[in-house]
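All ligand and atom numbering here is 1-based and tracks the order in the structure.
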Amino acid sequence: MASQNMVATVVAAAVSLLVGGIIGHLGTGTDTISSSDKEKISIMEKLVADKWESEEHLNHKIIDMINTDNLRNNLMELAKLPHLAGTERDHQLAHMIRDRFLEAGFDTADLVPYDVLLSRPNRTNPNLVTLEDVEGQIIFSSTYQEKPLHEDDSDPEFIHAFNAFTPAGDVRTEAGRGVVYVNYARVEDFDKLEELNVNVSGCIVIARYGKIFRGNKVLQAQERGAQGIILFSDPRDVALEGVEAQNVYPNTWWLPGSGMQRGTTYMGTGDSLTPGWPSTAQAYRLKVEDVQLPKIPCQPIGYDDARVILKKIGGTPAPSDDWKGGLTGVAYNLGPELQDRYSNYTLRLKTHNVLQIHRSYNVIGTIKGEVEPDRYVLLGNHRDAWGYGASDPSSGTAQMLETARVFGQLISSTGWRPRRTLVFCSWGAEEYGLIGSTEWVEENVNKLQERAVMYLNTDNCASGPAILIPSSPLLWEPVTRIMKMVPGVRDGATLYDEWMANNVAQNRTSPKMDTLGTSSDHAPFAFYCGIPCLNLMFKSIRNKYDITGYPFYHTGYDTFYMMDKHVDPGFRIQQGCGRIASLMLKYFADSLIIPYSLQHLPEAMKDALDTFKESGKRDKLMKICKKYVLLEESLANLTDTITVFVRKVKEKKTQNLDPVSIRAINDQMMKLEQVFILPAGLPGRPTVRHAVFAQSQFDNYAPARFPGISDLLYRIEELDAAERLEKEDEIRKHISDLTIMMERAASFLQDFHLI
Ligand SMILES: *[C@@H]1O[C@H](CO)[C@@H](O)[C@H](O)[C@H]1NC(C)=O
Ligand SMILES: *[C@@H]1O[C@H](CO)[C@@H](O)[C@H](O)[C@H]1NC(C)=O
Ligand SMILES: *[C@@H]1O[C@H](CO)[C@@H](O)[C@H](O)[C@H]1NC(C)=O
Ligand SMILES: *[C@@H]1O[C@H](CO)[C@@H](O)[C@H](O)[C@H]1NC(C)=O
Ligand SMILES: *[C@@H]1O[C@H](CO)[C@@H](O)[C@H](O)[C@H]1NC(C)=O
Ligand SMILES: [Zn+2]
């Protein structure tokens with residue numbers, strides 16, 4: 001196994017011979033350098049050149065070239081019409097993006113089709129929430145379309161309100177009872193209800209959006225025995241300055257009363273019919289009945305409609321202010337009884353969603369690398385939207401098209417070409433559970449694990465001005481460096497200054513980078529493959545508005561007008577997004593030694609183990625498994641190994657390195673995170689394979705560290721003795737697996753002959 005070092009030595013020898021030979025030639029003064037030698041020198045120079053370091057002027061050029069007018073025009077075109085996954089318009093845009101990649105001068109740009117299970121409401125038979133009296137007269141019926149409030153948000157093709165993958169169903173309550181308000185429908189909310197003796201079994205529950213992934217809400221409601229769930233956006237989360245017309249869209253960015261959040265409820269990722277495998281034409285597909293989809297009907301409504309229902313709920317009063325939203329005249333009673341005067345009313349939820357296989361395209365464009373074409377630096381963004389999708393995802397697409405143009409122009413005007421291959425990806429059907437990216441990763445998993453240097457995701461680049469870049473710790477330092485190069489999008493000199501200011505405003509003394517949650521197309525790259533990823537976005541300023549997400553998320557008001565007028569007037573945010581993205585791509589494509597910050601990996605893991613100490617988890621674990629100390633020890637060992645490795649790489653950077661050694665060092669770093677991929681996945685989750693960083697099982701959006709440990713410990717006290725013993729055994733195995741992974745990682749970074 002010393003072969004790589006031997007090859008390195010041989011190449012180094014060959015290089016010195018070659019150069020020596022040439023110098024020899026020169027030394028005699030009689031010969032000129034032969035053209036074949038010249039060629040060899042030029043090849044050699046390319047192999048060892050650090051184009052990032054030597055071509056700094058190009059970085060300034062890139063910063064100047066990302067153009068706000070282009071971004072605006074791109075967004076106007078992309079968000080002109082609704083472009084739901086698998087629709088005609090979605091397909092048109094796929095072609096448009098392919099053509100734009102080709103116009104920019106890409107080496108390839110192709111549509112990659114998959115046939116995948118999607119879910120839609122019935123256009124002629126809309127989903128309804130109704131209140132009916134004892135005779136079956138309809139007293140109230142919910143709306144299923146946003147009220148058109150501006151000229152560009154009234155397209156008849158706009159998809160009616162629904163939640164994807166919830167079944168068609170028709171459920172109703174008894175007269176006068178059977179409706180429970182469940183706050184955010186989190187586990188702790190249902191626990192509280194149980195404590196208060198409010199039984200949701202057989203009821204239709206109504207929950208506000210926010211805090212956790214909607215799929216977890218539906219699943220919890222189902223597990224607690226509810227027969228249906230209604231979701232609404234509460235003004236406290238989406239209309240913080242009042243619900244009057246002057247305080248909401250189109251006059252502000254806040255959500256009006258008819259805004260309804262659509263979204264998927266499927267708990268997995270990718271096409272549910274082909275878990276772990278690509279949905280190609282010949283692929284084996286599960287039967288729809290065998291897929292774990294929600295079993296109870298669900299429907300989103302706006303807060304104007306929610307008010308009508310909530311006002312009628314009596315029964316147990318809200319236990320605390322935490323349960324009260326911002327609807328005036330509503331007490332936020334829990335139910336299950338309606339108030340006396342509505343004792344003849346029944347609440348009915350009737351949905352007509354349809355499951356069907358549709359074609360969805362990814363668009364994959366490449367700029368071939370000059371020196372290492374088999375190393376990929378990837379940029380991805382989804383294309384499909386619930387509606388106009390101006391922010392989500394078209395602000396990211398507008399950016400990607402501009403970034404593509406800039407790289408194309410760099411090639412044609414300066415002759416530049418990246419050292420490594422750039423791959424641009426426009427994903428389909430992300431909104432249905434990261435389908436396009438997941439299927440593509442499943443199809444290309446070997447190539448990607450072997451060749452991908454990093455994946456940069458931009459979904460909705462702009463939903464506010466504050467930059468947020470959760471990422472693999474391997475990218476923390478490089479992205480910080482790039483943030484320092486890019487001018488601010490508000491009043492800060494650089495994006496780094498603005499990021500710091502935002503950290504300070506949030507009382508974070510030492511600014512911390514965040515690790516990744518699932519929430520977008522980086523998930524299959526990060527959590528299935530172990531590829532270092534980064535999810536670039538600009539969001540609202542947290543200390544200004546205490547809200548999760550942004551008010552018009554997944555509604556009919558995510559329009560070009562919203563972006564142009566309220567969110568990103570002047571398009572400076574999307575420009576900042578394009579600048580960061582293009583410089584990160586160039587940094588990773590052109591640096592001789594890939595600029596990973598390895599030292600942050602054990603640091604982030606140590607942080608996680610420290611929080612286990614603080615939260616009492618460590619004590620629990622020690623009672624179950626004494627060998628937990630070995631996990632801590634192996635992490636300490638890995639930390640030492642990485643410190644030594646990083647120092648060596650720094651030293652080597654200043655020396656003249658031969659191409660094989662460069663490649664070998666880069667590969668060690670590039671594949672380090674893959675050591676933490678569990679072949680069989682996390683306990684009970686075969687497609688979530690990252691043992692250190694992955695989303696938590698109980699909130700699909702939230703990032704977690706060592707998620708297997710938290711998942712296995714979850715509610716362990718409530719298990720009966722036999723189940724508990726079984727779980728404890730699983731914990732001992734998982735801790736052992738983690739310890740071995742730490743040791744493998746340290747071993748992976750050792751000198752090659754130490755096997
Ligand atoms: C939609 O509803 C109509 C009217 O009930 C029905 O005829 C039609 O078959 C439904 N479409 C689908 C795709 O189920
Ligand atoms: C809740 O209601 C269901 C159905 O009415 C019943 O089977 C169950 O025992 C009740 N749970 C509690 C804790 O009362
Ligand atoms: C409910 O219906 C019954 C029978 O139709 C009627 O006698 C009663 O007055 C109604 N109650 C209310 C509160 O409307
Ligand atoms: C930061 O700390 C100050 C003073 O303790 C407090 O008033 C403020 O609410 C905190 N801000 C945030 C965003 O937590
Ligand atoms: C940590 O490193 C020491 C010294 O090499 C070694 O003896 C020990 O077994 C390692 N611990 C673990 C848990 O790998
Ligand atoms: Zn999105």
Side-chain angles (χ1 to χ4, degrees), residues 78-79 83-85 90 164 173-174 177-178 180 190-203 205 213 223-227 261-264 269 335-336 380-400 426-437 457-463 517-523 535-539 549-550 552-555 558 577 602 609 625-644 701 735-750 754:
L78 292 162
H83 45 287
L84 186 74
D90 177 35
T173 65
E174 293 166 46
R177 53 172 295 119
V180 179
F190 284 101
D191 287 350
K192 186 75 191 174
L193 288 163
E194 221 171 282
E195 197 186 305
L196 297 167
N197 285 318
V198 180
N199 188 347
V200 301
S201 181
C203 296
V205 300
F213 173 55
E223 281 177 359
R224 305 281 177 146
Q227 60 166 336
Q261 183 192 125
R262 292 148 187 82
T264 184
T269 52
N381 153 262
H382 73 94
R383 184 184 60 254
D384 66 304
W386 287 116
Y388 306 99
S391 171
D392 179 8
S394 304
S395 60
T397 318
Q399 170 277 125
M400 186 163 74
S426 164
W427 307 120
E430 185 269 358
E431 294 293 6
Y432 283 88
L434 321 180
I435 292 181
S437 55
N457 193 67
T458 65
D459 188 325
N460 48 343
C461 261
S463 64
T518 178
S519 73
S520 194
D521 291 305
H522 55 275
N535 188 27
L536 169 62
M537 57 200 147
F538 285 74
K539 301 198 94 166
Y550 53 95
F552 53 94
Y553 170 67
H554 287 185
T555 72
D558 184 357
C577 192
L609 294 192
C625 176
K626 288 272 169 299
K627 286 186 179 166
Y628 180 78
V629 291
L630 293 183
L631 175 60
E632 294 175 327
E633 190 185 304
S634 63
L635 174 57
N637 284 359
L638 175 60
T639 310
D640 293 345
T641 307
I642 286 183
T643 308
V644 172
Y701 280 173
I735 287 173
S736 161
D737 292 353
L738 288 172
T739 308
I740 292 171
M741 286 173 145
M742 297 287 175
E743 290 167 348
R744 283 180 181 165
S747 163
F748 196 72
L749 293 179
Q750 276 176 341
L754 298 175

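Counted by atom type alone, Asn460 and Tyr550 present one or more donor-acceptor pairs between their side chains at under 3.5 Å.
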For this session: Evaluate the side chain to side chain contact (heavy atoms under 4.5 Å, CB included) criterion for residues Ser520 and Met537: first the C-alpha distance (whole Å), next the side-chain angles of each, then the deciding distance (0.1 Å), finally the verdict.
Result: CA-CA 11 Å; Ser520 194; Met537 57 200 147; over 6 Å; no
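The residues Arg224 and Asp191 are annotated as salt-bridged, a charged nitrogen and a carboxylate oxygen being separated by less than 4.0 angstrom.
For the Zn ion (ligand 6), protein N/O/S neighbours under 2.8 Å (waters excluded) are His382 NE2, Asp392 OD1, Asp459 OD1, Asp459 OD2.
With His382 as the fixed residue, the side-chain hydrogen bond (donor to acceptor under 3.5 Å, both in side chains) test singles out one of Thr458, Asp459, Asn457, Thr397: Asp459. Between Cys203 and the options Val180, Val198, Thr173, a side chain to side chain contact (heavy atoms under 4.5 Å, CB included) holds for only Val180.
Between Thr739 and Ser634, the shortest heavy-atom distance links the atoms CG2-OG, 3.7 Å. Closest approach of Ala429 to Ala85, counting heavy atoms only: CA-CB, 3.7 Å.
Proximity of a side-chain donor or acceptor of His554 to a complementary backbone N or O of Arg262 within less than 3.5 Å is detected.
Scored by the salt bridge (charged side-chain N to carboxylate O under 4.0 Å, His left out) test, Glu632 finds Arg618 as partners (sequence neighbours excluded). Judged as a ring pair (Phe, Tyr, Trp, His ring centres under 6.0 Å), and not counting sequence neighbours, Phe538 has no contacts.
Numbered from 1 in the order shown, with element, the atoms of ligand 2 that lie under 4.0 Å from a heavy atom of Ser201 read 1 (C), 2 (O), 3 (C), 4 (C).
Protein residues with a heavy atom closer than 4.0 Å to ligand 5 are Leu630, Glu633, Ser634, Asn637, Glu743, listed by chain and number.
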